[in-house]
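Being a predicted model, the structure only gives us computed values, none of them experimental. Lettering follows sequence order; numbering is per chain, from 1.
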Number of protein chains: 2
Amino acid sequence: MVLGEILSHLKKTGIRLTPQRQEILRVLLERFQQGGPPLNAEEIMLQVRRCYPGVSLDTVYRSLATFTKEGLVRELQFRDQSRCFELVTKGEHHHHLVCLGCGKVRPIHYCPADFIEQARECYPDFEIEDHSCTVYGYCPKCREE
Amino acid sequence: MVLGEILSHLKKTGIRLTPQRQEILRVLLERFQQGGPPLNAEEIMLQVRRCYPGVSLDTVYRSLATFTKEGLVRELQFRDQSRCFELVTKGEHHHHLVCLGCGKVRPIHYCPADFIEQARECYPDFEIEDHSCTVYGYCPKCREE
DNA sequence: CACGTGATAGGAATGGTTCTTATCTAGGAG
DNA sequence: CTCCTAGATAAGAACCATTCCTATCACGTG
């Protein structure tokens, strides 16, 4: 997955490809390639401001909403109330392990196919689009308290 | 699971058992018994006000936070930003199907044990406390748009 | 290369949640 | 049963992440 692929996808959709938006996507891609935790809107803004100092939080939120609608970005919600975002990548799929102490997020590279199957059987009239599985606990550092 | 069990559990913890708190728990229990979707703070407040008209939203939030810390209540977050609460019940365990259109929540009475197992294997140093699995899609009504 | 439409910046507004303060009360001690 | 006090409550103010508003700007179509 490279930035070019994402940008050409965007072109097809007719969504305008401003430099700010390219930078937002680049930041998300970089984070994905590093395997790090998802970013929240403010973190994204701070990163983007390195190149485009004038960028507003509102712009970041609006762009992320647009990308989410387009299926390029996924929004995540954990129990600490924080909202964060990650790139949707073809061929790669993961879930999350969240520390209830420090809020740090780690990826789980496993997907329970049986669960989705069960949901489909239970509610055949539903058009299933997506799913998310999250495990909560305490990381080694937070266990010591 | 009856209200008495919950209340006696609370007594053991030393948490004060005010009538408002009893009513909040009763409302949550009623919802659980009906098998309905989880409630948000405002819905709970409105129900509680039938008996205790003076109850404030703040009281509801504080009580729910206390119950959550005590493991009596679970807080849920879905992608529409809404925050809601449900009773934690022994012997019963479920996950959720959420409509991306209207936000309505339905229970899925199935749990992917393999997923939790995998998380444990992946991160043996983590102390796993809880997990949640959510499927997103469009309900029959919202599919028509 | 000019034009129109959709995007942006900045500041103001919003709304859910939490804090503050004064008052009250549940429940243990006497 | 009555008193006492730590902890709970109500009301309104404060908070803060997110969204709205409006004037301005610029992407990329034609």
For [X] and [N], give me the distance from atom [atom1] to atom [atom2], rounded to whole Å.
X: L7(B); N: dG27(C); atom1: CG; atom2: P; value: 10 Å
X: M45(A); N: dA9(C); atom1: CE; atom2: C1'; value: 13 Å
X: E70(A); N: dA7(C); atom1: CD; atom2: P; value: 11 Å
X: E75(B); N: dG16(C); atom1: CD; atom2: P; value: 15 Å
X: R49(A); N: dT8(C); atom1: CZ; atom2: P; value: 14 Å
X: K69(B); N: dA8(D); atom1: NZ; atom2: P; value: 10 Å
X: F67(A); N: dG6(C); atom1: CZ; atom2: C1'; value: 14 Å

message: Taking atom types as they are modelled, would you say the side chain of R16(B) forms a donor-acceptor pair with the base of dA6(D) within the 3.5 Å cutoff?
response: yes
statement: Of S56(B) and R83(A), the one whose closest nucleotide on DNA chain D sits nearer the 5' end is S56(B)
task: Please figure out whether G54(B) or Q81(A) has its closest DNA chain D nucleotide nearer the 5' end.
output: G54(B)
Considering just the side-chain nitrogens and oxygens of [X], establish if one lies under 4.0 Å of OP1 or OP2 belonging to [N].
X: R21(B); N: dA26(C); result: no
X: T18(A); N: dT8(C); result: yes
X: T59(B); N: dA10(D); result: yes

message: Taking the nucleotide of DNA chain C with the nearest heavy atom to each, does L17(B) or R62(B) sit closer to the 5' end?
response: R62(B)
query: Mapping Q20(B) and Y52(A) onto DNA chain C by nearest heavy atom, which one lands closer to the 5' end?
result: Y52(A)
- request: Could you tell me whether E86(A) and R31(A) make a salt bridge, using a distance below 4.0 angstrom between a side-chain N and a carboxylate O?
  value: no
- request: Taking only Lys NZ, Arg NE, NH1 and NH2, and the carboxylate oxygens of Asp or Glu, determine whether E75(B) and R79(A) approach each other closer than 4.0 Å.
  value: no
- prompt: Taking the side chain of D58(B) as its heavy atoms from C-beta onward, which of dT19(D), dT8(C), dA11(D) lies nearest to it?
  reply: dA11(D)
query: If you check every side-chain atom of P19(B), which of dC27(D), dA26(C), dT19(D) has the closest atom?
result: dA26(C)
message: Just to be sure I understand the rule, does E42(A) reach a base, reach only the sugar-phosphate, or reach nothing, if contact means heavy atoms closer than 4.0 Å?
response: nothing
Give me the atom names and distance for the closest heavy-atom approach of [X] to [Y].
X: C139(B); Y: C99(B); value: N-SG, 3.4 Å
X: Q47(B); Y: E30(B); value: OE1-OE1, 3.9 Å
X: Q77(B); Y: Y136(B); value: O-OH, 4.5 Å

